[in-house]
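Okay, so here's the structure we're looking at.
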Amino acid sequence: MSRQKKQFAVIGLGRFGTSVAMTLQQLGHEVLAIDADEERVQKISDQVTHVVQADTTDENSLQALGLRNFDAVVVAIGENVQANVATTLLVKDMGVPFIIAKARNALHGKMLEKIGADRVVYPERDMGQRVAHSLISSNVLDYIELSPNLSLVEVTAPGLFVGKSLLQSNMRAIYGVNVVAIKRNEKLIVPPQPTEVIQESDILIVIGSTDGLQKLEVLE
Ligand code: ATP
């Protein structure tokens, strides 16, 4: 079954915006990439469905793009916070159904939420956290903060747990975390049964409080 083709617009073609636009295109969707800088627009022009050079803080230019009919708009303008906020506000006013906006910091993120961004992303902060967590423990393969005290982590099964079932590992009681999936070779066991025995080289995908996960991450 093929997934329905969607229409996305990405505003601001820095490294982040370009990566979002190209990935959506590669996933088979229609992408309109927009930037005020002609050179940036040209660079991506043969890799996405449509490109437009426009200053999105200008209401008339923005109106002409017909963004209201898109499934989602990504505001990826970076350095210029004022342009980022103004664009998000104008896009929201146009009635776009789903807006994702990139924030530079917490205060900027709060502003974007107040304006009505449906999702605010912090790519630099998130990637920094992921790199830091993977450095602290060689067990950590990936780390995603879902909210200030809830995270999802992908860890190589600590030796301590190998040969034990999930129930016997007692992870839920000791660390307050839940194993939501186990990657074993190429297979994904989801959700694992409490009786599932953890094997060497299993990768555990665990959700839980940031504190609990930190204790789990450093187990040998
Ligand atoms: P990254 O880290 O993703 O490379 P960045 O934080 O360095 O991005 P910028 O390069 O500052 O982000 O901004 C991304 C793009 O947004 C730039 O190509 C810039 O031309 C574009 N941009 C800035 N202001 C506007 C605007 N008013 N309208 C349209 N595009 C804009």
Side-chain angles (χ1 to χ4, degrees), residues 6-135 141-148 151-152:
K6 291 187 173 175
Q7 282 192 311
F8 297 106
V10 179
I11 302 173
L13 304 171
R15 289 157 298 179
F16 174 71
T18 300
S19 169
V20 173
M22 286 177 41
T23 307
L24 287 169
Q25 185 78 35
Q26 282 156 15
L27 289 170
H29 298 286
E30 276 184 34
V31 177
L32 168 64
I34 306 156
D35 200 290
D37 180 344
E38 179 66 34
E39 224 172 90
R40 294 238 163 145
V41 170
Q42 278 309 322
K43 223 170 149 191
I44 199 177
S45 62
D46 54 357
Q47 298 180 73
V48 295
T49 324
H50 302 288
V51 290
V52 170
Q53 188 253 322
D55 177 351
T56 53
T57 59
D58 178 74
E59 202 166 352
N60 292 329
S61 318
L62 199 60
Q63 287 287 358
L65 300 175
L67 296 181
R68 169 206 291 273
N69 301 318
F70 280 67
D71 291 287
V73 172
V74 181
V75 180
I77 297 172
E79 234 162 81
N80 188 340
V81 173
Q82 199 176 325
N84 169 302
V85 169
T87 298
T88 306
L89 184 68
L90 291 172
V91 170
K92 180 73 187 174
D93 259 2
M94 292 169 67
V96 171
F98 196 79
I99 303 168
I100 299 185
K102 167 179 147 163
R104 290 184 72 82
N105 54 49
L107 184 63
H108 181 198
K110 248 188 201 163
M111 270 195 287
L112 291 170
E113 275 168 21
K114 280 254 189 293
I115 291 167
D118 299 282
R119 192 169 153 212
V120 176
V121 293
Y122 304 83
E124 290 89 358
R125 183 201 69 181
D126 292 353
M127 201 59 208
Q129 286 174 342
R130 289 162 89 165
V131 169
H133 278 266
S134 68
L135 274 174
L141 306 172
D142 209 349
Y143 174 92
I144 301 168
E145 187 183 87
L146 301 172
S147 72
S151 303
L152 189 76

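Sequence positions, counted from 1, serve as the residue numbers for this chain. Please read these numbers as outputs of a predicted model, since none were measured by experiment. What's counted below: heavy atoms across the whole structure, side chains too, no hydrogens, waters or symmetry copies. Just follow the structure's listing: the first ligand is 1, and inside any ligand the first atom is 1.
Looking at every heavy atom in both residues, Asp71 comes nearest to Pro97 through O-CG, 3.6 Å. Heavy-atom minimum distance, Gly12 versus Ala76: O-CB, 3.6 Å.
Counting heavy atoms from C-beta outward, Leu62 and Met94 have side chains that approach closer than 4.5 Å. Between Glu124 and Lys102 the shortest side-chain heavy-atom distance falls below 4.5 Å. Contact annotation: the side chain of Asn84 approaches that of Val75 to within less than 4.5 Å [non-hydrogen atoms, C-beta and beyond]. Phe98 has its side chain within reach of Arg119: a pair of non-hydrogen atoms, C-beta onward, lies under 4.5 Å apart.
Atoms of ligand 1 lying under 4.0 Å from at least one heavy atom of Thr57, given by number and element, are 27 (N). Under a 4.0 Å criterion applied to the non-hydrogen atoms of Phe16, ligand 1 contributes the atoms 1 (P), 3 (O). Listed by atom number, the atoms of ligand 1 under 4.0 Å from Ala83 heavy atoms are 24 (N), 27 (N). The distance from ligand 1 to the heavy atoms of Asp55 drops below 4.0 Å at these ligand atoms: 26 (C), 27 (N), 28 (N). Those atoms of ligand 1 that come under 4.0 Å of a heavy atom in Glu79, given as number and element, are 6 (O), 9 (P), 11 (O), 12 (O).
Put simply, the side chain of His29 gets close to the backbone of Lys6: a donor and an acceptor are under 3.5 Å apart. In terms of modelled atom types and a separation under 3.5 Å, the side chain of Thr87 and the main chain of Ala83 share a donor-acceptor contact. Side-chain N or O atoms of Thr49 include none that pairs as donor or acceptor with a backbone N or O of Leu32 at under 3.5 Å. Between the Gln53 side chain and the Ala36 main chain, a donor and an acceptor come within less than 3.5 Å of each other.
The shortest heavy-atom distance from Ala54 to ligand 1 is under 4.0 Å.
Looking at Ile34, Leu62, Asp35, Asp37, it is Asp35 that brings a heavy atom closest to atom 19 (C) of ligand 1.
Residue Arg15 has at least one N or O atom closer than 3.5 Å to an N or O atom of ligand 1. Residue Ala76 places no N or O, backbone or side chain, under 3.5 Å from any N or O of ligand 1. The shortest N or O to N or O distance between Gly17 and ligand 1 is not under 3.5 Å.
Nearest non-hydrogen protein atom to atom 16 (O) of ligand 1 is Gly12 CA, 3.3 Å. Nearest protein heavy-atom neighbour of atom 23 (C) of ligand 1: Ile77 CG2, 3.6 Å. Scanning all protein heavy atoms for the shortest distance to atom 10 (O) of ligand 1 gives Arg40 NH1, 3.2 Å. Counting protein heavy atoms only, atom 30 (N) of ligand 1 is closest to Ala36 N, 3.2 Å. For atom 13 (O) of ligand 1, the closest non-hydrogen atom of the protein is Gly78 N, 3.3 Å. Distance from atom 8 (O) of ligand 1 to its nearest protein heavy atom, with residue and atom name: Lys102 NZ, 3.5 Å. Among protein heavy atoms, atom 14 (C) of ligand 1 sits closest to Gly14 N, 3.6 Å.
Ring geometry for His133 against Tyr143 counts as parallel: the plane angle stays under 30°, on a 0 to 90° scale with 60° as the upper cut.
Residue contacts with ligand 1 for Thr56 involve both N, CA, C or O and side-chain atoms from C-beta outward (heavy atoms, distance under 4.0 Å).
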